[in-house]
**Q** 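Next up is a structure, given as structure tokens.
Predicted model, so just to flag it, every value in this text is computed and none were measured. Position 1 is the first residue of the sequence; numbering continues from there.
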Amino acid sequence: MEISEIQVDGYEKVVRCRDQASGLHALIAVHDTTLGPALGGMRMLPYVSEDEALFDVLRLSKGMTYKSAVAETGLGGGKSVILGDPRKAKSPGLFQAMGRFVQSLDGLYITAEDMNIGIPDLELVRKETRWVTGLAREAGSSGNPSPYTADGCLVGMRATARVAFKCPDLKGKRVVMQGVGAVGSRLAILLEKEGAHVVICDINEKRVADLCAEYGFESVRDESHLDVPCDIYSPCARGATLNDETVPRLQCKVVAGCANNQLLEPRHAAALMARGIVYAPDFVINAGGIINVACELLPGGYDEKVSLAKIERIAESLRRVYEISAQRSIPTSEAANMLAEERLAAGRARKRSKR
């Protein structure tokens with residue numbers, strides 16, 4: 001196994017691993033540990049090059065720093081990526097090699113589930129390192145984070161409705177949801193229980209049909225969902241869905257969903273603001289999963305009641321974001337970044353005072 005460091009300005013540690021025996025080619029980026037060790041998921045994708053994988057892991061790890069800072073998890077931001085086709089390249093040897101790679105950072109980076117990585121994969125990683133979260137409850141871990149991400153999005157939707165509609169009640173609100181995977185489907189069910197009128201779409205048409213049959217949701221074809229008038233548009237799958245083509249088409253007062261990296265570019269938050277649409281910054285509203293996973297690392301161990309109480313605080317974080325946005329006349333995404341930087345600066349000050 002060959003582990004080498006990549007120098008990147010603004011990042012505490014970026015390392016690559018090549019393991020000829022298992023075929024592992026992976027990167028880990030630790031962006032900032034001011035507030036605690038870097039927690040962030042592991043993903044596996046058939047990147048066309050290491051440069052593409054490096055771009056992804058750097059972007060995601062910085063996003064995790066900001067997400068954890070705003071959510072006050074007491075952790076920093078990191079991420080890991082495995083270069084390879086998850087349909088063909090997965091093997092016990094590969095994931096155990098990945099475990100040794102994670103272990104080489106000696107707790108500076110803590111991993112969890114992300115795209116194309118499930119609990120069985122992480123259980124193999126866990127054979128070689130203890131720095132793994134999000135395993136099954138039976139293993140003393142917190143289990144699948146998806147329900148908690150959905151719970152946090154619901155909390156955030158109520159907080160955003162208070163700003164946009166002057167009332168947190170979602171009853172009667174028409175919500176168009178793009179993407180009903182593990183998180184989106186749970187959020188749709190929660191919204192239906194709140195009395196919202198839920199319209200769903202997904203590239204997986206069978207999943208949509210099954211959910212409509214079971215819960216009575218209305219559905220719309222994925223390619224035409226932006227043309228449906230609604231109170232809340234909820235992107236819950238693909239990233240970069242808020243862009244030059246889609247923002248002018250939106251027929252809503254609120255954008256609030258659980259997808260990551262919803263803005264194609266930062267300027268699209270300003271475009272939403274110009275249209276009078278209240279945007280719940282994705283890394284603030286979708287932090288429920290990382291909050292839940294972070295609770296595994298508390299001194300007393302995982303306690304779901306503690307996790308749910310912390311998830312409720314997403315509402316307060318969003319309230320502060322909207323307050324900063326209104327006071328400074330800036331897009332909510334910029335306000336969220338400012339809030340993250342405020343909390344990182346406070347953490348740095350605390351560290352200096354202890355020296």
**Q** Is the number of heavy atoms from other residues, nucleotides or ligands under 6.0 Å of Leu298 CG greater than 12?
**A**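 Correct, the count exceeds 12.
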**Q** Does Glu128 come within less than 4.0 Å of Arg100, counting only side-chain N to carboxylate O?
**A** yes
**Q** Do the charged groups of Arg16 and Glu50 touch, with an N to O distance under 4.0 Å?
**A**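 A salt bridge links Arg16 with Glu50.
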**Q** Take atom NZ of Lys253 as the centre, draw a 6.0 Å sphere, and report whether it contains more than 12 heavy atoms from other residues, nucleotides or ligands.
**A**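 Open: at most 12 neighbouring heavy atoms sit under 6.0 Å from NZ of Lys253.
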**Q** Report the C-alpha separation of His197 and Phe217 in whole Å, then their side-chain angles, then the decisive distance to 0.1 Å, and conclude whether the ring-ring contact (aromatic ring centres under 6.0 Å, His included) test is met.
**A** CA-CA 8 Å; His197 181 89; Phe217 301 139; 9.6 Å; no
**Q** Between Asp231 and Arg174, does any side-chain N to carboxylate O distance fall below 4.0 Å?
**A**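 No, Asp231 and Arg174 are not salt-bridged.
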**Q** Between Tyr148 and Ser307, does any side-chain donor sit less than 3.5 Å from a side-chain acceptor?
**A** no
**Q** Verify the neighbour count for atom CD of Glu245: are there more than 12 heavy atoms of other residues, nucleotides or ligands below 6.0 Å?
**A** no
**Q** Output yes when Arg319 and Glu316 qualify as a salt bridge under the 4.0 Å nitrogen-oxygen rule, no when they do not.
**A**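 Judged by the 4.0 Å cut-off on N to carboxylate O distance, Arg319 and Glu316 do form a salt bridge.
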**Q** Apply the side-chain contact (heavy atoms from CB on, under 4.5 Å) test between Thr133 and each candidate in Leu122, Val293, Thr111, Ile290; give the one that qualifies.
**A** Val293
**Q** Determine whether Lys13 and Leu108 satisfy the following criterion, side-chain contact (heavy atoms from CB on, under 4.5 Å), listing intermediate values before the conclusion.
**A** CA-CA 9 Å; Lys13 197 172 189 70; Leu108 187 68; 3.9 Å; yes
**Q** Within the supplied structure, the quantity of interest is the number of heavy atoms (other residues, nucleotides, ligands) at a distance under 6.0 Å from Arg87 CZ; does it exceed 12?
**A**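 No, CZ of Arg87 has 12 or fewer neighbouring heavy atoms, counting only those of other groups under 6.0 Å.
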**Q** Verify whether one side chain among Asp227 and Ser224 offers a donor that lies under 3.5 Å from an acceptor in the other.
**A** no
**Q** Take atom CZ of Arg328 as the centre, draw a 6.0 Å sphere, and report whether it contains more than 12 heavy atoms from other residues, nucleotides or ligands.
**A** no
**Q** Using the ring pair (Phe, Tyr, Trp, His ring centres under 6.0 Å) rule, collect all pairs that involve residues 16-35, keeping only residues at least two apart or in two chains.
**A** Tyr11-His31
**Q** Rounded to the nearest 0.5 Å, how far apart are SG of Cys295 and CD1 of Ile291?
**A**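 With rounding to 0.5 Å, SG (Cys295) is 8.0 Å from CD1 (Ile291).
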**Q** Just distance, no hydrogens or angles: give the donor-acceptor pairs under 3.5 Å from side chains in residues 332-345, sequence neighbours left out.
**A**
| residue | atom | partner | partner atom | Å |
| --- | --- | --- | --- | --- |
| Thr332 | OG1 | Tyr279 | O | 2.7 |
| Glu341 | OE2 | Tyr66 | OH | 2.3 |
| Arg343 | NH1 | Val70 | O | 2.4 |

